[in-house]
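Below: one structure, written as structure tokens.
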Amino acid sequence: MHPALNILIKAARRASQIINRAALDIEHLQVTSKRQNDFVTEVDKAAEAAIIDILREAYPDYGILAEESGQVAGRAAGSEYQWIIDPLDGTTNFIHGFPQYAISIALAHRGQVTQALVYDTLRNEMFTASKGGGAFLNDRRIRVSKCLRLEDALIGTGFPYRVYEHIDTYLAIFKDLARRSAGIRRPGAASLDLAYVACGRFDGFWEFGLSPWDIAGGALLISEAGGLIGDLVGNESYLQTGNVVAGTPKVFAQLLQVIDAQRTPLLSA
């Protein structure tokens, strides 16, 4: 196992203790709103601080991009390495006691993700991947499903909840896919949705308006598990645009066709 991945696991385990302890006493959480339908708790902040402490102790020169604290430079300005952290993906689920949330941590080198972790703390399911080394769920190698046809595919998605300018386009895509797929699910934590594509629980996924920390970890899991991930036209700019499509190779191509038929010029790839 790559040394950086060992550090990712150590950091995630530490943060999971904070999250699981808080989950036992949700009604006493202090919740604030960053903007409409975007919440943060003291648990998010404490888990992120614990993760950053461990990462910085091991790699003090690396940069950090974290959901709650933003861009945090390492000792060496302009480091080629950057940690990308979501300490609690699915905060809205968490504060309602809905059991679908995760920790997501990735390491990027020159903008390319090389190490990744998505950890479902409730189920103790740890998804990990190293570039060129495969993807794993706990100690078991995982692969995307063998699904070939959109008609047989279970598709994950996330409803727009912060920016509604593309809601009509989203609903048109949703309507088309509802007719043409085996089903659509919206659990509410994008990092886990992407991990579910990697291990074959979903056959495909699409969403608009995500942040890099929502995507980075799951993206490497999918590519190392034999799947494909891209922006709305299949290119690699999804970390920049926040618009993402993923799936088995065959389902990925069919999802892109459906999305392209509905995408307006105002919706970037």
Side-chain angles (χ1 to χ4, degrees), residues 23 26 33-40 44 67 86 88-104 118-123 125 127 144-145 147 150-219 221-222 227-232 238 241-248 251-252 254-259 261-263 267:
I26 290 175
S33 179
K34 293 184 284 188
R35 51 191 179 274
Q36 183 181 7
N37 295 331
D38 194 2
F39 302 101
V40 62
D44 297 71
E67 179 175 14
D86 191 339
L88 181 54
D89 182 25
T91 299
T92 301
N93 285 349
F94 179 77
I95 62 181
H96 286 85
F98 188 82
Q100 189 78 2
Y101 46 85
I103 298 165
S104 179
V118 175
Y119 185 28
D120 180 340
T121 65
L122 273 174
R123 299 175 181 86
E125 290 189 336
F127 299 85
V144 297
S145 78
C147 187
L150 184 59
E151 289 77 7
D152 300 323
L154 183 63
I155 305 297
T157 189
F159 303 144
Y161 65 98
R162 288 183 301 220
V163 179
Y164 294 96
E165 59 183 317
H166 303 302
I167 187 68
D168 291 336
T169 301
Y170 175 86
L171 291 174
I173 295 168
F174 187 97
K175 182 178 179 180
D176 201 356
L177 287 173
R179 287 197 301 248
R180 297 178 57 181
S181 69
I184 300 176
R185 301 291 183 268
R186 196 276 187 181
S191 63
L192 264 185
D193 295 338
L194 294 171
Y196 282 10
V197 173
C199 72
R201 295 173 185 171
F202 283 150
D203 305 299
F205 175 82
W206 98 97
E207 189 168 352
F208 303 159
L210 293 170
S211 299
W213 45 78
D214 298 317
I215 307 170
L221 288 171
I222 289 171
L228 296 175
I229 183 166
D231 59 22
L232 301 187
Y238 48 87
T241 67
N243 301 327
V244 64
V245 181
T248 71
V251 171
F252 176 77
Q254 292 166 74
L255 279 174
L256 288 177
Q257 290 177 351
V258 172
I259 290 168
Q262 303 292 347
R263 190 168 64 90
L267 180 58

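Sequence positions, counted from 1, serve as the residue numbers for this chain.
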> Given Leu150 and Leu177, is the side chain to side chain contact (heavy atoms under 4.5 Å, CB included) satisfied, shown in steps?
Replying inline: CA-CA 8 Å; Leu150 184 59; Leu177 287 173; 3.8 Å; yes
> Val245 and Phe205: side chain to side chain contact (heavy atoms under 4.5 Å, CB included), yes or no, with the steps?
Replying inline: CA-CA 6 Å; Val245 181; Phe205 175 82; over 6 Å; no
>> Let's go through Leu194 and Ile215 carefully: what are the C-alpha distance in whole Å and the side-chain angles of both, what is the deciding distance for side chain to side chain contact (heavy atoms under 4.5 Å, CB included) to 0.1 Å, and is it a yes or a no?
In response: CA-CA 8 Å; Leu194 294 171; Ile215 307 170; 4.2 Å; yes
> Does the pair Lys175 and Leu171 meet the rule for a side chain to side chain contact (heavy atoms under 4.5 Å, CB included), with working shown?
Replying inline: CA-CA 6 Å; Lys175 182 178 179 180; Leu171 291 174; over 6 Å; no
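With hydrogens and angles disregarded, no donor-acceptor distance shorter than 3.5 Å links the side chain of Asp89 to the backbone of Tyr101. A donor-acceptor pair is defined here as one N or O able to donate and one able to accept, closer than 3.5 Å; such a pair exists between the side chain of Asn243 and the backbone of Gly209.
Ser104 and Asp86 share no side-chain donor-acceptor pair at under 3.5 Å. Between Asp203 and Ser145, the side chains place a donor N or O and an acceptor N or O closer than 3.5 Å (distance only, hydrogens not considered). Side-chain N/O atoms of Thr91 and Asp44 include a donor and acceptor closer than 3.5 Å.
Here the closest non-hydrogen pair linking Gln262 and Asp176 is NE2-OD2, 3.9 Å. Closest approach of Leu192 to Ala102, counting heavy atoms only: CG-CB, 3.6 Å. Taking each heavy atom of Leu210 and Ala190 in turn, the nearest pair found is CD2-CB, 3.9 Å. Glu207 and Phe159 get closest at one heavy-atom pair: OE2-O, 4.4 Å. Counting all heavy atoms, side chain and backbone alike, Phe127 lies closest to Cys199 at CE2-SG, 3.9 Å. The heavy-atom pair separating Gly204 from Val251 by the smallest distance is CA-CG1, 4.2 Å.
At least one side-chain heavy atom of Tyr170 sits under 4.5 Å from a side-chain heavy atom of Thr157. Side chains of Tyr238 and Ile229 form a contact here, defined as non-hydrogen atoms less than 4.5 Å apart. With contacts defined as side-chain heavy-atom distances shorter than 4.5 Å, the pair Phe202/Pro187 qualifies. The shortest distance between side-chain heavy atoms of Ile155 and Arg185 does not fall below 4.5 Å. In this structure, Trp206 and Phe174 have side chains that are in contact, with non-hydrogen atoms separated by less than 4.5 Å. Annotation: side chain of Arg123 is in contact with side chain of Gln100 (closest heavy-atom distance under 4.5 Å). Val118 has its side chain out of reach of Ile103: every pair of non-hydrogen atoms, C-beta onward, lies at least 4.5 Å apart. Put simply, the side chain of Val244 does not reach to within 4.5 Å of the side chain of Phe208, judged on heavy atoms.
For the atom pair CD (Gln257) and CZ (Arg180), the distance works out to 7.5 Å, reported to the nearest 0.5 Å. One finds the CD atom of Gln254 at 8.0 Å from the SG atom of Cys147 (value rounded to the nearest 0.5 Å). Going from atom OG1 of Thr241 over to atom CG of Asp231 covers 5.5 Å, rounded to the nearest 0.5 Å. The CD atom of Glu67 sits 6.5 Å away from atom OG of Ser211, with the distance rounded to the nearest 0.5 Å.
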